Amino acid sequence: MNSGLLEKLKPVANARKTLLDLNIDPFSVQIEELLSPTEARIGGKNVLLAGTNNYLGLTFDADCIEAACRAIREQGTGTTGSRMANGTFAGHTALETEMAAFFGMSQAIVFSTGFVANLGVISTLTGAGDVVLIDADSHASIYDGCRMGGADILRFRHNDTGDLEKRLKRLGKRTSNTLVIIEGIYSMLGDRAPLARIAELKKKYGFWLMVDEAHSLGVLGKTGKGLAEEVDCLKDVDFIIGTFSKSLGTIGGFCVSDHPELDLVRYSSRSYIFTASPSPATIASVRQALRILAAGTEIRRKLWDNTNRLFSGLQGLGFRLGPEATPVIAVYMGTKEETLKKWQSLLENGLYVNLVLPPAAPDGSCLLRCSVSSAHTGEEIDRIIQAFSTLK
Amino acid sequence: MPEKNYSEILEDVLKILERFAKPSEKISEETELVRDLELDSLQVMEIVQEVEDSFDILFPLNDISGIRTVKDFVLKIQKEANP
């Protein structure tokens, strides 16, 4: 019998069965207990975590936890409403002021997640008759935001500014209604966008520029603002999007800009209006994490020491890695079956990393993706390298 | 770029599609891109990029939804290439 709507789930069922037949279920890993930002109990065993995006290790920061607890006691567990209704508390507004000040921009909007920040901002800024020109390796939320907006969606080959310029030339006068979207650090291969060159193209072709700093906030730049700060292009970027769920250790999203009109986006953005706002605990811990980020560079120096140690260690083992050393370190593997078995082997040896299979990884590659944290000790980084050495 | 007629565009498109299809697949005008060639969404987007560069046109991804067969694809390219 035809199962109608459910028919389309058959390929998913088949793919899952293949995994279960191999006795590997990488997408149902359950963390039974968190012991620290870098250690957990999984399957009854202590496991070193090297795939959490917890770049600054702030999830267990005592001041962030205390701020969250205080907010719960004083304001309750949730806002139970949209930012446009009863869901804007003093903390939400204060965080927007602090985010704008941190980036040296006049406007900021806080969203409930980074995903919905991209949905909300992109789909509100662009519409029929406009063009979005995105890097081919863009995050799913960027693709979805573009689809929601209704603009013409074009993509250029990943990090290829020649390919971008070719498409800009074809657009002609339409570049004045074109939004180019790139990411500070790409989440799968860990490479930076060529922002300085793209900023030069912006001056020549007059398009609008958005940078998603989800993986680069707190990681790149003299004060951790991201790639735009690192390459001195903050003034060239029209909109910076980001998330609180990586370096800042909580959940939520934001957009900052020097265009006063950003403030109007909140009145038209469906993903801002029709969802509950971040909880008081979330907002309080983000604000504290932002203070820690803004206060100093030591935490980021440690992150980069760990990054360089792991990257060179894995390189020394002869693995093919992503194009450059950033806290997202992609290790190329072989076939899907080999990669699954190696991922499982690492977990059994007490190391959790992210498994990335096509189509999530570019060019049909299979990856074991590590993310480095400033909370990793030198000894933990060496344990990660040691675990990978068993795969050779 | 000199204007190309339907047959010339079809010939070029078939060459691009052959690189993405299984070697055993016989591709014709009536071949359905997703159902017959079993292309996933990433492959479709890569084919669109190849087509853009081959014909020096813009082909928005949102226009793909109206295309089912190779013939639909060629007609759309012809329209974009010879406005």
Side-chain angles (χ1 to χ4, degrees), chain A residues 7-8 10-12 14-15 122-123 126-138 140 142-158 160 162-175 177-179 181 188 356-365, chain B residues 1-4 8-9 12-13 15-25 31-69 72-83:
Chain A
E7 192 74 16
K8 64 177 77 64
K10 270 192 177 165
V12 179
N14 293 338
I122 298 170
S123 68
T126 63
D130 300 325
V131 177
V132 279
L133 183 45
I134 63 177
D135 186 286
D137 284 5
S138 290
I142 293 174
Y143 276 94
D144 289 357
C146 293
R147 283 197 194 97
M148 278 176 64
D152 283 344
I153 306 165
L154 301 171
R155 46 175 234 164
F156 61 95
R157 290 181 171 82
H158 176 57
D160 185 338
D163 200 63
L164 169 62
E165 185 166 20
K166 197 161 57 183
R167 284 163 171 75
L168 289 167
K169 281 180 183 162
R170 286 182 197 142
L171 280 166
K173 288 180 181 169
R174 292 187 75 191
T175 54
N177 275 59
T178 295
L179 178 66
I181 308 177
M188 291 297 114
V356 186
L357 300 176
D363 303 325
S365 310
Chain B
M1 188 174 275
E3 205 166 287
K4 288 191 173 183
E8 291 167 324
I9 294 172
D12 291 349
V13 168
K15 277 183 199 156
I16 292 171
L17 291 176
E18 277 162 10
R19 298 212 311 272
F20 290 85
K22 295 186 187 99
S24 57
E25 193 71 48
T31 301
E32 292 193 19
L33 295 174
V34 174
R35 197 193 68 181
D36 297 335
L37 299 183
E38 296 180 5
L39 299 172
D40 63 33
S41 58
L42 278 184
Q43 288 174 311
V44 170
M45 288 194 288
E46 282 167 26
I47 289 168
V48 167
Q49 274 182 326
E50 297 274 331
V51 161
E52 284 186 314
D53 290 345
S54 184
F55 298 97
D56 195 24
I57 57 170
L58 294 168
F59 197 117
L61 296 179
N62 29 318
D63 286 349
I64 294 172
S65 58
I67 289 164
R68 193 167 55 89
T69 63
D72 297 336
F73 200 25
V74 173
L75 287 171
K76 176 71 180 166
I77 294 165
Q78 191 177 22
K79 193 175 158 197
E80 294 298 324
N82 311 315

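Throughout, protein chains are lettered first and strands after them, A, B, ... in sequence-line order, and every chain is numbered starting at 1. Remember, predicted model here, so these are calculated numbers, not experimental data. For the numbers below, each heavy atom of this structure counts, side chains included, while hydrogens, waters and symmetry mates do not.
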| said: Given heavy-atom pairs under 4.5 angstrom as the criterion, report whether the side chain, backbone, both or neither of Gln43(B) touches chain A. | reply: neither

| message | Quick check for you: to the nearest 0.5 Å, what is the distance between Asp53(B) atom CG and Arg167(A) atom CZ? | response | 4.5 Å

| Inter-residue atom distance Asp56(B).CG - Lys166(A).NZ, 0.5 Å rounding | 8.5 Å

| query | Which one of Ala136(A), Gly150(A), Pro359(A), Cys146(A) has the most heavy-atom pairs closer than 4.5 Å to chain B? | reply | Pro359(A)

| Of all of Asp163(A), Asp152(A), Leu171(A), which one pairs up most often with chain B through heavy atoms under 4.5 Å apart? | Asp152(A)

| query | With only heavy atoms counted, which part of Arg157(A) is less than 4.5 Å from chain B, the side chain, the backbone, both or neither? | reply | both

| Residue part contacting chain B, namely of Tyr143(A), when any heavy atom lies under 4.5 Å | side chain

| said: How close do Arg155(A) and Gln49(B) get, counting heavy atoms only, and between which atoms? | reply: O-NE2, 3.3 Å

| Pick one: which of Val131(A), Leu133(A), Leu154(A) meets side-chain contact (heavy atoms from CB on, under 4.5 Å) with Leu58(B)? | Leu154(A)

